[in-house]
Amino acid sequence: MTKKWFIARVPFTEPRIPMVELLLLVAPVFGLVALGYGAALAGLIGERANEGLTSYLFVIGAPALMFKLLTAAVFPGVFPWGYWIAYYAGMAIVWGLATVLAAGLFRRSRGDAVIAGLATGQANTVLIGIPIILKAYGEEAAFPIAMLLAVNLPITMTLATLMLEGTRAATGGALFVKLGRGLATHPLIIAMAAGVAFQVFGLRPSGVAATMLDMVANTTIPLSLIALGLSLKTYGVRTDVPVALMICVLRLLVHPAIAYVVAHHVFALPPSWTGTVVLFAAMPAGINAYLFAARYGQGVGIASTAVALSTLLAAVTSLLWLRVLGIG
């Protein structure tokens, strides 16, 4: 008897659209990134303004969008174990491969290898993943997005912190207290917890509160993409290009390939769930990798170059995965 992991098997019949429409789908996303980069390059927006914009998105914008998505989502009756397995099986493989290859093949230090693994395992799901997925699948993808982010942020933050602290002297219980405090006070995690609570108690934002939530949430995606472009000017392509290219291959091609095989062929998830997990897996390296590298003073060149190159290459590889998914 076959074990039912998620829901009944469904045919993969997402309609295909012309390549021109596919280009029009991703062009605004990467166009806003380019706009931000151009504004920074021309000196129209300085680093201090970018820091303020990033703080707004981190504390207010992104949490508002996540809370809106969660309160509007329709929750399924069972947990999507196959969905999570599809993403995290691939993440574990590429994270481990990048760490081993950076240390063995490219002869980098232990700390640099940890950063290479982090840059490969942690995708830019919020800044680029959400805009592309929502354009491709609409509100149907709201709950799959929330279910991935709900566990992705705590997992990647915890792993990265433990591995990087492991390159230093052991800090004992203080490390776990610090880690727990950081997770408990993270704005996105608070917003997700609030969204789930609203769902449990059958509450929905209404009136002035709903209007304010919509206004703030609607600013998040365009401002996030512009902020990413501004940040790329700051980080740039510095050094360690061979390691960064290895990260790009694992991040943009290997991880989504594993996610696709597991989601589509093993668990036969619905198109919107398969598409969400594959596109999340196909996103470029997240800026958090650079921030961790800068904080610990290790692998800064690796992280900076990986973020910049993978973001540039994702403009092409995202089209590839959209075609594989039947969107274009």
Side-chain angles (χ1 to χ4, degrees), residues 26-69 115 118-119 122-135 145 149 153 156-157 160 182 185-192 211-239 244 283-315 318:
V26 300
V29 174
F30 291 99
L32 286 176
V33 175
L35 178 63
Y37 182 80
L41 196 64
L44 299 176
I45 301 179
E47 289 188 20
R48 291 187 61 187
N50 186 30
E51 290 174 2
L53 178 58
T54 302
S55 296
Y56 160 76
L57 291 167
F58 179 78
V59 176
I60 299 177
L65 176 62
M66 184 51 52
F67 179 76
K68 177 183 176 181
L69 289 174
I115 292 296
L118 172 60
Q122 190 172 58
N124 196 339
T125 54
V126 174
L127 296 186
I128 295 182
I130 290 178
I132 291 178
I133 293 166
L134 289 180
K135 278 182 172 292
I145 288 172
L149 290 180
L153 189 64
T156 55
M157 283 183 63
T185 58
H186 196 288
L188 267 179
I189 293 179
I190 294 173
M192 287 187 286
T211 302
M212 292 175 61
L213 177 64
D214 287 342
M215 292 173 69
V216 174
N218 290 341
T219 69
T220 302
I221 288 177
L223 290 182
S224 295
L225 295 171
I226 291 173
L228 176 58
L230 295 170
S231 299
L232 290 178
K233 166 61 173 60
T234 301
Y235 306 150
V237 177
R238 298 184 177 180
T239 55
M283 290 302 102
I287 287 179
N288 278 344
Y290 174 84
L291 298 179
F292 269 98
R295 176 184 175 187
Y296 286 91
Q298 295 177 319
V300 176
I302 291 174
S304 171
T305 306
V307 169
L309 283 181
S310 63
T311 301
L312 178 64
L313 293 172
S318 61

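Counting heavy atoms from C-beta outward, Lys68 and Asn218 have side chains that approach closer than 4.5 Å. Between Thr125 and Ile133 there is no side-chain heavy-atom pair separated by less than 4.5 Å.
With rounding to the nearest 0.5 Å, the separation of CD1 in Ile302 from CD1 in Ile115 is 8.0 Å. Between the OH atom of Tyr37 and the CG atom of Leu312 there is a distance of 10.0 Å, given to the nearest 0.5 Å.
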CA sep, side-chain torsions, deciding dist, call: Ile145, Leu134, side chain to side chain contact (heavy atoms under 4.5 Å, CB included): CA-CA 9 Å; Ile145 288 172; Leu134 289 180; 3.7 Å; yes
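In this structure, Ser304 contributes its side chain and Val300 its backbone to no donor-acceptor pair below 3.5 Å. A side-chain donor-acceptor contact under 3.5 Å links Thr219 to the backbone of Val216.
Across all non-hydrogen atoms, the minimal contact from Ala285 to Ala119 is CB-O, 3.3 Å. When all heavy atoms of Leu309 and Ala244 are compared, the closest pair comes out as CD1-CB, 4.1 Å.
Every residue two or more places apart in sequence or in another chain that forms a side-chain contact (heavy atoms from CB on, under 4.5 Å) with Leu57 is listed here: Leu53, Thr220, Leu223, Ser224, Ala227. Annotation: side-chain contact (heavy atoms from CB on, under 4.5 Å) contacts of Phe30 (sequence neighbours excluded): Val26, Ile128, Ile132, Ala314, Ala315, Ser318. With sequence neighbours excluded, the residues satisfying side-chain contact (heavy atoms from CB on, under 4.5 Å) with Pro187 are Phe58, Pro63.
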